[in-house]
Amino acid sequence: MNWVGRRLPRSEDPPLLRGEGRYVPDIAIGARVVRFLRSPVASGRITALRPPAEMPPGCLFVTGADLAEVQPIKPGLRRFNYRAVEQPVLPIERVHFVGQAIAAIVAPGAALAEDLLEACELDIAAEDPVIGFDAALAPDAALVHPIAPGNVAVEGELRPEAFAETLASAAHMVEFAFRSGRQSAMPLEGRGGVAEYDRATGRIRLSASAQMPHQLRTGIAQLLGMPEADLQVIAPDVGGGFGQKMALFPEYPVLVWLARKHRGRFAWVEDRNENLIASAHSRDQRHVLRAGFDAEGRLLALEADILADVGAFSVFPTTCAVEPLMALAEYPGPYKVPAYAVRTRGVLTHTCPMAPYRGVSRPVITFGIERVMDRAAAALGLAPDEIRRRNLHDVFPARSATGMVLDEASYIQALDEAVHILDIPAFRARQAAARAQGRYLGLGLSVFNERTGYGTPAFAARSMDVVPGYEVVDIAMLPSGEVEARIGSSPHGQGLRTTLSQIIADRLGLDPGHIRIIHGDTDRTPYGWGSFASRSLVIGGGACQVAADKLADKLRRGAARLLQCEPSDVTLRDGNAVAGAASMPIAELARLAHQRSELLSDAIGFNLAETGQYDPGGTFSNACHAAIVEVEAETGHVRVERYLVVEDAGRIINPMIADGQVQGGVAQGIANALFEEVIYAPDGTPLTGTLADYTPPTCAEIPEIEIHHLETISDATITGAKGLGEGGSIGAPAAIANAISDALSPFGVDVAEFPATPPRIRALVRGRAPRA
Amino acid sequence: MKPASFAHHAPLTLEEALALLARHGEEARVLAGGQSLVPTMAFRMARPAVLVDINRIAALDHVTVEGSVLRIGALARHARFETPAVAGPLGALLARVAHHIAHPPLRLRGTFCGSLAHADPASEWCATALALEARMVLARADGLREVAAEDWFQGVFSTAMAPGEMLREVVLPLPAPAWRGGFAEFARRAGDFALAMAVVGLRLEGGVVRGARIALGGIGGQPVLAREAMALLESQPPSPALLEEAAATAARHCDPQEDLHAPAEYRRELVAVMVKRALRQAVSA
Ligand SMILES: Cc1cc2nc3c(=O)[nH]c(=O)nc-3n(C[C@H](O)[C@H](O)[C@H](O)COP(=O)(O)OP(=O)(O)OC[C@H]3O[C@@H](n4cnc5c(N)ncnc54)[C@H](O)[C@@H]3O)c2cc1C
């Protein structure tokens with residue numbers, strides 16, 4: 001029986017659907033309530049900070065002065081052009097963005113905590129903040145941090161010799177300047193944590209809505225100068241993260257500090273306003289592209305100038321370089337780009353810090369390069385699919401312009417499949433008929449690759465102080481025959497318990513129901529990195545496979561002893577160890593291994609435990625997205641009529657879960673393209689602090705998403721699986737932008753700004769008459 | 001536990017409720033569906049010391065035709081109008097409008113009268129009340145008074161209601177047989193407050209338009225009548241060109257405001273489109 005490849009229902013779902021999940025707020029019940037006093041000012045000096053005049057018993061007021069022993073958060077990057085901006089856990093002198101936590105109030109109950117928060121005395125001598133690229137990069141701009149001249153926190157540049165000549169020699173030049181609006185990852189559950197002192201052991205247990213529990217533990221222990229062994233971090237059920245919950249936010253060390261100092265249980269559960277203004281943002285970027293094509297539409301040279309607003313600080317552990325450097329490394333995407341020059345800068349402003357968000361910079365760079373392809377196609381009289389076909393890599397392994405190895409993939413096949421399904425000639429006829437009635441339909445393509453499942457070599461190349469990558473899995477069979485696999489990854493909605501159990505079940509000849517995946521608890525799992533960067537199924541899954549294979553070996557050796565045959569004669573299937581006509585239940589073998597060890601210990605020792613490790617170099621999944629939209633010219637409204645994804649993520653372990661990942665990602669990508677934008681007033685006040693103003697789409701705005709899978713098995717991973725967690729959000733903005741641009745082509749305009757809101761679309765077409 | 005502390009009273013009779021409002025004056029607020037009041041309390045933008053919760057007063061839960069009017073009691077929820085509350089084009093118009101208010105769970109709680117009392121500039125019921133010449137029946141401990149829709153709205157979130165008063169019901173005159181209505185709005189997402197809306201009522205008599213009323217909402221401040229456009233339509237046959245011209249006139253004369261979601265100029269364009277659509281709907285009904 002093969003479990004891999006089946007649409008096995010998620011074992012995670014029944015308790016979640018019954019409302020029996022255990023999230024941080026469930027654990028917080030009964031704890032003392034912590035609320036943070038946050039800066040109402042973007043930039044300024046704190047001149048007064050005092051607790052409420054009356055502090056009822058059981059209440060506390062904590063400021064940066066109380067935390068004098070606590071180290072600032074200082075994410076590191078070993079690059080000469082990186083400025084190691086430090087973030088005090090609670091600031092004493094200055095504030096750097098609206099929403100920055102300045103002090104904590106503790107009260108026995110939430111209502112009192114809110115009242116006390118209002119009664120705190122805070123005075124800040126406000127200064128003019130630096131908001132936006134133009135202000136930050138102006139020659140006389142104030143500095144957000146003195147250590148970062150010009151407000152540039154990190155910079156990268158590549159420029160091959162004779163690049164300018166190559167670009168100048170191109171038959172056609174496309175220039176494209178565009179802007180991507182700032183987005184919030186909007187996990188349904190915000191951040192929050194409960195820190196609890198254990199009087200018996202003196203240890204602290206922090207339950208936090210986090211994606212990287214082991215990193216949170218290491219990071220907090222370092223900041224507080226406490227033994228790491230005295231801190232246990234648990235990520236219980238986590239209601240989404242999308243990258244936002246990778247960061248070590250200042251609120252968590254404050255909770256642990258409180259629990260240690262006051263030997264109690266302290267809980268902070270943020271509200272939506274805090275999540276929207278004070279967690280982390282992303283995708284606030286401005287790019288200028290120049291692309292030279294030959295007369296046949298082949299890209300000869302690409303030049304990119306990239307600006308990424310990184311906010312006021314650098315987040316630990318990924319640093320503020322994650323967006324600008326990923327954009328630099330991956331711009332060429334799936335295309336052959338003979339000459340590539342790029343300059344990228346991470347720009348500091350007095351705004352909420354940037355953290356990774358599903359796709360990181362790739363939704364932005366895919367938008368850029370895919371729009372360039374369409375513009376070039378229009379200039380050269382080529383169909384959008386044809387110009388892509390001429391430029392996509394088709395011989396593997398290929399090497400990207402920045403030296404990355406592109407493993408076996410299906411760039412052209414995915415495009416062809418999408419084009420075939422779409423029936424483009426029929427669409428063009430429908431589009432023409434609609435135009436005759438003043439209705440504007442458009443079709444947009446987006447072809448991209450997604451670097452996934454990359455281990456330490458890839459991260460080490462970024463020169464981070466903290467280099468993520470590998471995963472370790474401890475697997476053990478219990479005397480009952482059930483299997484426990486302890487993983488360092490930390491799922492928060494991805495269904496890893498289900499998919500990993502499918503992988504392990506196949507290796508051990510067991511039913512997935514007999515496999516328990518243990519995660520999200522630093523006391524019970526091996527050191528590992530967590531879930532992000534489309535890595536957990538590839539790397540955690542690979543480590544599971546390695547561990548399960550070692551365990552299977554052990555089981556075969558044990559069975560061979562008992563069945564009196566060679567280990568190579570034994571197969572594990574359907575719960576039995578089988579050798580020819582002889583067989584025995586694996587559960588019986590497990591019982592004997594533990595309780596009658598004298599029978600087989602010389603073959604297998606005294607346990608059925610193994611460790612698997614995996615650290616792959618990385619693999620590229622790929623996809624072609626296509627959107628059909630209708631744009632209402634008189635209001636600027638965009639309706640997504642059809643959305644198609646042809647996705648190749650190698651071997652699909654569970655197609656239902658894979659589809660869910662794609663659907664969720666596409667929804668967030670459509671949000672990026674049409675709906676969501678974090679907006680700051682010129683004085684640095686966030687204007688989008690509620691869901692009335694920050695406007696994620698609902699199910700009414702997101703269409704059905706059609707998904708087709710191709711399965712190119714490359715040798716880059718041992719399971720044959722590639723990651724697919726981010727692809728949906730990477731591909732969707734470009735597909736939508738290209739579809740809108742196609743729809744509006746009679747007006748001679750295209751989309752160069754996200755989100756393409758109705759007023760922005762009106763601004764494009766206003767005063768222009770459509771060409772027939 | 002976000003709001004500032006408050007006292008909560010849930011009287012069973014209107015008299016008790018009015019007595020509480022009289023006693024607490026400006027300190028007190030009526031709690032109806034809570035769909036606007038509770039969020040503003042959670043942000044501590046509203047901090048009433050006393051809430052007079054009217055949800056248990058059964059006598060306020062009515063939508064009834066009485067003679068030539070439709071009476072809408074203070075506990076009539078938005079959802080009550082999703083299926084026609086009264087036969088003919090009025091019920092049809094109210095049903096069309098109701099579907100644009102927020103989302104189904106909200107519509108089960110929020111009330112028609114609460115919307116009028118709250119007077120959000122983008123409230124569908126407020127623009128509707130203005131277009132349909134509604135009258136507000138205000139009760140207080142020592143009496144009753146009525147206010148016409150045109151005198152009701154006094155700017156953003158403010159009305160002619162005085163402390164100690166409660167909006168007991170809203171009265172809509174039943175329209176003449178030749179009457180028909182139209183409604184159009186533009187919102188970014190299903191259920192959002194509209195960036196612009198138009199509610200239209202008119203009579204088609206002998207091939208010409210009579211007594212047209214066009215109310216604009218969502219453009220800022222308070223709902224307003226597009227008087228110039230209304231005048232333009234009077235006694236004219238409703239040709240497509242005339243409707244376009246009326247729509248352009250309404251847009252030209254309105255005073256839309258700018259906010260995060262829409263620049264004023266864009267809102268003006270939307271007004272033209274929404275008025276055009278609402279008029280087309282009315283004349284083709
Ligand atoms: C997410 C969301 C989306 C929404 N979208 C829309 C929308 O698209 N269109 C729209 O029109 N509305 C929308 N609303 C508001 C909703 O319709 C409210 O229900 C309505 O505005 C107020 O009605 P209520 O009964 O809930 O009043 P409450 O919230 O109980 O009260 C609102 C105010 O009116 C006063 N009040 C209420 N009833 C009376 C009375 N009988 N006498 C005197 N004072 C009274 C209260 O004291 C309070 O000041 C939305 C609300 C939310 C939360």
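The chains referred to below are lettered A, B, ... by the order of the sequence lines, with proteins before strands, and numbering in each begins at 1.
Heavy atoms closer than 4.5 Å to chain B are found nowhere in I702(A), neither backbone nor side chain. Contacts of E634(A) with chain B are made by both backbone and side-chain atoms, with heavy-atom separations under 4.5 Å. With a threshold of 4.5 angstrom between heavy atoms, A692(A) approaches chain B through N, CA, C or O but not through any side-chain atom. For P697(A), the part sitting under 4.5 Å from any heavy atom of chain B is the backbone (N, CA, C, O) and nothing else. Looking at L112(A), there are no atoms closer than 4.5 Å to chain B (heavy atoms on both sides), in backbone or side chain. Heavy-atom distances place no part of R760(A) under 4.5 Å from chain B, backbone and side chain included.
Proximity of F36(A) to I102(A): side-chain heavy atoms (C-beta onward) are nowhere separated by under 4.5 Å. Within the 4.5 Å cutoff, side-chain heavy atoms of Y643(A) are placed close to those of I670(A). Contact check for L116(A) versus F61(A): no side-chain heavy atoms found under the 4.5 Å cut-off.
Taking each heavy atom of T757(A) and R188(B) in turn, the nearest pair found is CG2-NH2, 3.6 Å. What you find for A46(B) and L37(B) is that their closest heavy atoms are CB-CD1, 4.4 Å.
Checked against the 6.0 Å centroid criterion, the rings of H261(B) and F193(B) do not qualify as a close aromatic pair. Annotation: H78(B) is not in aromatic contact with F112(B) [ring centroid separation under 6.0 Å not met].
Within residues 266-285 of chain B, the residues approaching chain A closer than 4.5 Å by heavy atoms are, in numerical order, Y266(B), E269(B), L270(B), V273(B), M274(B), K276(B), R277(B). Residues of residues 675-684 of chain A that come within less than 4.5 angstrom of chain B, heavy atom to heavy atom, are F675(A), I679(A) in numerical order.
Crowding of L17(A) atom CG: a count of heavy atoms from other residues, nucleotides or ligands under 6.0 Å exceeding 12. Atom CD of E26(B) has 12 or fewer neighbouring heavy atoms from other residues, nucleotides or ligands inside a 6.0 Å radius.
Between H118(B) and F157(B), the ring planes lie tilted relative to each other; the angle falls in the 30° to 60° range.
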Could you go step by step and tell me if D309(A) and R283(A) meet the salt bridge (charged side-chain N to carboxylate O under 4.0 Å, His left out) rule?
CA-CA 8 Å; D309(A) 189 329; R283(A) 312 229 205 292; over 6 Å; no
Evaluate salt bridge (charged side-chain N to carboxylate O under 4.0 Å, His left out) for K2(B) paired with E114(A), printing each intermediate quantity in order.
CA-CA 7 Å; K2(B) 303 291 240 178; E114(A) 295 287 343; 3.1 Å; yes
